[in-house]
Amino acid sequence: MTDSPTYGFDTLQIHAGARPDPATGARQTPIYQTTAYVFRDADHAAALFNLQEVGYIYSRLTNPTVAVLQERVATLEGGVGAVCCSSGHAAQIMALFPLMQPGRNIVASTRLYGGTVTQFSQTIKRFGWSATFVDFDDLDAVKAAINDDTRAVFCESIANPGGYITDLDAISAITDAAGIPLIVDNTSATPYLCRPIEHGATLVVHSTTKYLTGNGTVTGGCIVDSGKFDWSASDKFPSLSTPEPAYHGLKFHETFGPLAFTFHSIAIGLRDLGMTMNPQAAHYTLMGIETLSLRMQRHVENAEKVAVWLENDPRVDYVTYAGLKSSPYFDRVKTICPKGAGGLFTFAVKGGYDACVKLVNALEIFSHVANLGDTRSLVIHSASTTHRQLNAEQQEAAGAGPGVVRISIGIEDPADLIADLDQALSKATA
Ligand SMILES: *Cc1c(COP(=O)(O)O)cnc(C)c1O
């Protein structure tokens, strides 16, 4: 299939990037379980190593199965290119790597996946990078946090764990004015519910571990490039705009234009950091993406039913689902994720920490796991698990205080999910 922007999402999620296997005609994308590829001759090998010709050298850099997934995610997000890697956290480091240098910083939302808060507040310091966390609903605070050393602004479209929605249009207006890229983690929304590039994102990152694969089988990550950022407009991004010594002085932006970031991520990022996705993982994720829209519709339908039921239950203090009319984020659903607010949210159980722990133990259909975006419904008490490394203030700012549980609503029968929550709430608050 020739990828045409006129095809609808449901068609592209099945066909984008894939074509019958040129060797065998296999209709499903084969798992190219190989580390290396035979060069036609010495000149061909030299041209590939010089980036003068695009092709396969070694699977740390590129692999045909992974390449199909890259093209598919890029197409669904409306980007020009994508690079897959071994996990969502790898994708975040790979996204920052071409932009950063020692002494540079990022401005990040306080409402992020717990592991991301830890990665940004602790681990990146080892590279000489730092992060300033601010409330992204406070646009003046975002503006004020950006300084001459800021090289990216980072947020989630639908933020884990609370399902809060970020006003991407307002944030991208700020990053555009400052001449720095906006990176949006679109894991919880998926491109079916939200397309951050249409709201001004420069790069979109994913944990493909979650909804894109959809069934809790493999970890993976992806970075999609909008192709829209002018890396040469200032001297802030020398990795992309100035001569690269490892490639005989090649300038990525000048040579590859809108694909500069993607080529850099493969030729330098994967080459030297080695956070590569393996072809088996790409296969599982490709299988998952084929049904993405169908699953997301059901996740949203079920989440709405469960959230309304919980909100009306006297044993529950409050529910954070943005799809509820009572949510301060309700109006943003229409502009940022018009097909629904996703399947992830938190709720507060009367009785606080102890009641939350009892609830998690009493649930039967909901599995107690550190994952989200599975076909099965999942539950976790964030404060004692995913957000455990955070201090109390960070937990509250992230929406992961001790009195709330996070649920990821699956695609089971919604009546069964409600019945399970009903019996568990009785035990938790008895
Ligand atoms: C899970 C998750 C990540 C990290 O992804 P891994 O695949 O677990 O490394 C990042 N962001 C969000 C929103 C996530 O849910």
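Keep in mind the model is a prediction, meaning the values are calculated, not measured. Read the numbers this way: they start at 1 and go in the same order the structure lists the ligands and their atoms.
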Any side-chain donor near an acceptor of the partner, E244 and H264, under 3.5 Å
no

Strictly by modelled atom types, are S188 and E156 linked by a side-chain donor-acceptor pair under 3.5 Å?
no

Quick check on contacts: which atoms of ligand 1 are under 4.0 angstrom from a heavy atom of [X]?
X	answer
E156	13 (C)
H89	4 (C), 5 (O), 6 (P), 9 (O)
L372	15 (O)
N160	15 (O)
G220	7 (O)
S87	7 (O), 9 (O)
Q92	10 (C), 11 (N)

Can you find an N or O of [X] that's nearer than 3.5 Å to an N or O of ligand 1?
X	value
T219	no
S207	yes
S188	no

Tell me, which protein residue and heavy-atom name are nearest [atom], and how many Å apart are they?
atom	answer
atom 13 (C) of ligand 1	D185 OD2, 3.4 Å
atom 6 (P) of ligand 1	G88 N, 3.3 Å
atom 2 (C) of ligand 1	K210 NZ, 2.5 Å

I need the contact type for T209 against ligand 1. Using non-hydrogen atoms and a strict under-4.0 Å cut-off, is it side chain, backbone, both or neither?
side chain

At under 4.0 Å between heavy atoms, what of T208 touches ligand 1? The answer is neither

Quick check: does any side chain N or O of D420 sit under 3.5 Å from a backbone N or O of L363, one acting as donor and the other as acceptor?
no

Donor-acceptor contact below 3.5 Å, side chain T346 vs main chain T320
no

Would you list the pairs meeting side-chain hydrogen bond (donor to acceptor under 3.5 Å, both in side chains) in which at least one residue belongs to residues 127-136, sequence neighbours left out?
R111-D135

Quick check: F237 with H253 (ring centres under 6.0 Å apart)?
no

I want to know whether Y353 and H381 have ring centres closer than 6.0 Å.
yes

Pairwise ring pair (Phe, Tyr, Trp, His ring centres under 6.0 Å) hits with a residue in residues 69-101, at least two apart:
H89-Y113

Hey, are the side chains of R151 and N105 touching, using non-hydrogen atoms and a 4.5 Å cut-off?
no

Which word best sums up how the rings of Y37 and Y56 line up, parallel for under 30°, tilted for 30 to 60°, or perpendicular for over 60°?
tilted

